[in-house]
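Computation of the quantities below employed the complete heavy-atom set of this structure, encompassing side-chain atoms and omitting hydrogens, waters and symmetry-equivalent molecules.
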Amino acid sequence: MKKILLNCQQCGDCGIEYPGFLCPESSCPKHIRNGACGGSGQGRCEVYPDRFCVWYLAYQRFALTGNTENMAKVCAPPRMWELNKTSSWINFHLGKDHHTKLCSIAGACNTGLCSHKNKPDEIKGSQGRISTTPSSRS
C-alpha cells in the first residue's frame, strides 16, 4: 500500500511524518530528512530542476494548515541504512527503527542536543532561503 500511495522505497526506517507525509527517500535524490539542501533554490530541486524540492512542498503543505512552526520543532534522526530494503512497519513494531527509545541517535535528536531545535520558522540552505512562492524559470 505504501508503494502505491507514497512511492515507498522500502528504506526500513520511514520518516514521512517529518516533511508533512511526503517521502524524503523517494522525493529527494539526496535523501535529506531535515530540510532543504544548500543547492535548492526558488523551490526547485538542485538535482532535478524540473521538480519542486520535497521540503518546499512540505512547507507549502504545512502553510495550508498554519503549522509551519512544526517544521522547526521536530528533528528527524538520520536514516538507519542497515534497515534498507526491509519493511518499516515491521521494524517499527519490532522496535528496530529510529522511533524506538533504544536508538541513541533518535534519543539525542528529540532532546535539546539536536542542533535543529528552536530554529526560526524558515527553511534555509547555503544559497539562502527557499522562496515560499516559486518564481518563473528562464
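- The CH2 atom of Trp55 sits 13.5 Å away from the SG atom of Cys45 when rounded to the nearest 0.5 Å.
- Across all their heavy atoms, Gly20 and Arg61 have their closest contact at O-NH1, 2.6 Å.
- Residues that satisfy the salt bridge (charged side-chain N to carboxylate O under 4.0 Å, His left out) test with Glu17, not counting sequence neighbours, are absent from this structure.
- Here His98 contributes atom NE2 and Cys14 contributes atom SG; the two are 8.0 Å apart, rounded to the nearest 0.5 Å.
- Of the inter-residue distances, the one linking Gln10 atom CD with Asn84 atom CG reads 8.5 Å to the nearest 0.5 angstrom.
- Screening residues 26-38 for salt bridge (charged side-chain N to carboxylate O under 4.0 Å, His left out) gives Asp13-Arg33, Glu25-Arg33, Lys30-Glu46 as the qualifying pairs, with residues at least two apart or on separate chains.
- Sorted by first and then second residue, the salt bridge (charged side-chain N to carboxylate O under 4.0 Å, His left out) pairs with a member in residues 83-96 form an empty list; sequence neighbours excluded.
- Pairs of residues two or more places apart, or lying in two chains, never qualify as salt bridge (charged side-chain N to carboxylate O under 4.0 Å, His left out) while including a residue from residues 51-60.
- In this structure, CG on Asp50 lies 7.5 Å from CZ on Arg44, to the nearest 0.5 angstrom.
- Residues passing the ring-ring contact (aromatic ring centres under 6.0 Å, His included) test with Phe92 are His99, sequence neighbours excluded.
- In this structure, Cys28 and Val54 approach most closely via the heavy-atom pair CB-CG1, 3.9 Å.
- Leu94 CG: more than 12 foreign heavy atoms inside a 6.0 Å radius.
- Distance check, rounded to the nearest 0.5 Å: CD1 of Ile16 to OG of Ser88 gives 8.0 Å.
- Counting heavy atoms from C-beta outward, Thr68 and Tyr59 have side chains that approach closer than 4.5 Å.
- The two residues Pro19 and Pro24 make their nearest non-hydrogen contact at CG-CD, 3.8 Å.
- Under the rule for a ring-ring contact (aromatic ring centres under 6.0 Å, His included), the partners of His31 that lie at least two apart in sequence or sit in another chain are Trp81.
- For the atom pair CZ of Phe62 and CG of Asn67, the computed distance is 7.0 Å after rounding to the nearest 0.5 Å.
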